[in-house]
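One structure is given below, encoded as structure tokens.
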Amino acid sequence: MKTAITEMFGIEHPIIQGGMHYVGFAELAAAVSNAGGLGIITGLTQRTPELLAKEIARCHDMTDKPFGVNLTFLPTFSAPPYPEYIAAIKEGGVKIVETAGRSPEQYMPALKAGGIKVIHKCTSVRHSLKAEQIGCDAVSVDGFECGGHPGEDDMPNMILLPRAAEELKIPFVASGGMADARNLVAALAMGAAGMNMGTRFIATKEAPVHENVKNALVKASELDTRLVMRALRNTERVLNNKGVEHLLEIEREKGKGLKIDDIHDQVAGVYPKVMIEGDMDAGAWSCGMVVGLIHDIPTVKELIDRIMAEAEWLIRSRLTGFLDADSEAALKVA
């Protein structure tokens, strides 16, 4: 399948693996790229630029296909050394960066000087247009369904994607609620040039996380995520657990007076406890509503091959079947 995204990034299938804290290591990124998608190493999971350089080198050892690095620009007083991280990306020969969080505007000159294509994750049309204006090559349009931070507009992809298609000149992919061929075909119909999957890729053989995490995703339904930190205007969608329930109790008690320090223990240092140690009640960790569509733990290649085969069937048989009332395909799916 050829789209603007496959052509831009030199990949076979229009499927991108989103950057995920303590998930986006070389093993998963290489597996996605080898299967024809675009794998992504999560930059800030590597505590220093030097460690990121080593992780990039590990990924090069595992694949000769294109892969990218995620850089999330955090609203903190003691910001990570972003110029050094960007230098490690450039020196590692990586030509694709997924940016998220705050605007990457101040870092665009350095990224462009390295010949790097930038795809920025946005939760609204206005932010997508800003990304286009500052020179991003593509946008990952992130709907309210997504795991992690959905923004504050609560806009689902059934509306957000067509609006993005109406306004943007650069290509975009659908992010949030993406797990299978039905999602991909729907996203393409609404104007996207591919899809970005996060939560779905955690439940794969190659994802370097504890088996408890993968099993929890298979067990969970679409009703098992919660929104936290709304009062702080830093809304995050997470998988419900005992730690999250305690966090929500604190939020109810504090109301509008909530401070980040009030929930520090439920949000700080959680990812190593969950992803490495398998403590499923440790606290808040990002998970999308798409968890309701996760029913197995395949290899990355099995997952991507299945998505692409079913997407072709949906487009060639099911959808075209609706246009031909006499066709057998139309009768089967009506």
Side-chain angles (χ1 to χ4, degrees), residues 18-25 28 42 44-45 47 70 72 74-76 100-101 123 142-152 154 156 175-179 197-297:
M20 294 172 283
H21 201 33
Y22 276 85
V23 180
F25 292 98
L28 180 58
T42 306
L44 296 188
T45 294
R47 295 186 309 279
N70 166 279
T72 297
L74 302 169
T76 60
T123 59
D142 215 15
F144 183 58
E145 307 92 331
C146 73
H149 299 279
E152 306 302 324
D154 298 359
S175 181
M178 302 292 124
M197 296 197 306
T199 303
R200 186 60 186 94
F201 274 125
I202 303 177
T204 57
K205 300 288 188 190
E206 294 90 341
V209 302
H210 199 283
E211 286 301 309
N212 288 355
V213 179
K214 301 179 187 184
N215 292 333
L217 294 178
V218 172
K219 182 180 177 181
S221 83
E222 66 276 14
L223 303 175
D224 289 324
T225 68
R226 299 291 183 268
L227 294 172
V228 299
M229 297 190 288
R230 301 222 82 177
L232 301 174
R233 293 190 64 78
N234 189 33
T235 302
E236 183 176 5
R237 186 178 298 282
V238 301
L239 189 68
N240 194 32
N241 58 47
K242 291 179 181 177
V244 169
E245 288 174 357
H246 183 47
L247 187 161
L248 291 170
E249 286 178 11
I250 296 170
E251 290 191 344
R252 284 191 290 269
E253 291 172 3
K254 297 290 183 178
K256 293 183 179 179
L258 181 73
K259 302 283 193 302
I260 188 64
D261 289 345
D262 297 326
I263 55 173
H264 178 273
D265 293 345
Q266 288 73 42
V267 298
V270 168
Y271 280 84
K273 295 176 185 176
V274 174
M275 300 298 175
I276 296 174
E277 299 171 22
D279 181 357
M280 301 313 298
D281 291 319
W285 59 281
S286 297
C287 178
M289 295 172 76
V290 75
V291 70
L293 297 177
I294 297 175
H295 308 304
D296 61 355
I297 306 172

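- Looking only at distances, a side-chain donor or acceptor of Asn241 sits under 3.5 Å from a matching main-chain atom of Met280.
- The line from CG of Leu247 to CG of Asp262 is 10.0 Å long, rounded to the nearest 0.5 Å.
- Here the side chains of Tyr22 and Val209 are not in contact, with every heavy-atom distance at 4.5 Å or above.
- Under 4.0 Å is where a charged nitrogen must lie from a carboxylate oxygen, and between Lys214 and Glu211 at least one such pair does.
- The closest side-chain heavy-atom distance from Leu227 to Phe144 is below 4.5 Å.
- Taking the side chain as every heavy atom from C-beta outward, Leu74 and Leu44 approach each other to under 4.5 Å.
- Remark: the backbone N or O of Asn212 is not paired with any side-chain donor or acceptor of Asn215 at under 3.5 angstrom.
- Contacts of His210 classified as ring-ring contact (aromatic ring centres under 6.0 Å, His included), with partners at least two apart in sequence or in another chain: none.
- Atom CZ of Arg226 is separated from atom CG of Leu239 by 9.0 Å, given to the nearest 0.5 angstrom.
- Leu28 and Phe201 get closest at one heavy-atom pair: CD1-O, 4.1 Å.
- Closest of all the heavy-atom pairs between Pro150 and Gly143 is CB-O, 4.2 Å.
- Nearest heavy-atom pair, Ala179 versus Val290, reported as atom, atom and distance to 0.1 Å: CB-CG2, 3.1 Å.
- Proximity of a side-chain donor or acceptor of Arg200 to a complementary backbone N or O of Ala203 within less than 3.5 Å is detected.
- No option in Glu145, His149, Met289 other than Met289 meets the side-chain contact (heavy atoms from CB on, under 4.5 Å) test with Arg237.
- No side-chain heavy atom of Val228 sits less than 4.5 Å from a side-chain heavy atom of Ile263.
- To the nearest 0.5 Å, the span separating CE on Met20 from OG1 on Thr72 amounts to 11.5 Å.
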Which donor-acceptor pairs under 3.5 Å do side chains of residues 265-276 form with protein atoms, sequence neighbours excluded?
| from | atom 1 | to | atom 2 | distance (Å) |
| --- | --- | --- | --- | --- |
| Tyr271 | OH | Ser286 | N | 2.9 |
| Tyr271 | OH | Ser286 | OG | 3.1 |

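- To the nearest 0.5 Å, atoms SG (Cys287) and CD1 (Ile202) are separated by 6.5 Å.
- Rounding to the nearest 0.5 Å gives a distance of 7.0 Å between OG1 of Thr235 and CG of Asp154.
- Between Ile260 and Met229, the closest side-chain pair of non-hydrogen atoms falls below 4.5 Å.
- The shortest non-hydrogen separation linking Gly288 to Thr225 is O-CG2, 3.6 Å.
- No side-chain heavy atom of Glu245 sits less than 4.5 Å from a side-chain heavy atom of Leu248.
- Judged by distance alone, the side chain of Thr42 and the main-chain N or O of Gly19 form no donor-acceptor pair under 3.5 Å.
- Residues Leu258 and Leu232 meet the side-chain proximity criterion, which asks for heavy atoms closer than 4.5 Å.
- Taking CD1 of Ile250 as the start and NZ of Lys259 as the end, the distance is 14.0 Å to the nearest 0.5 Å.
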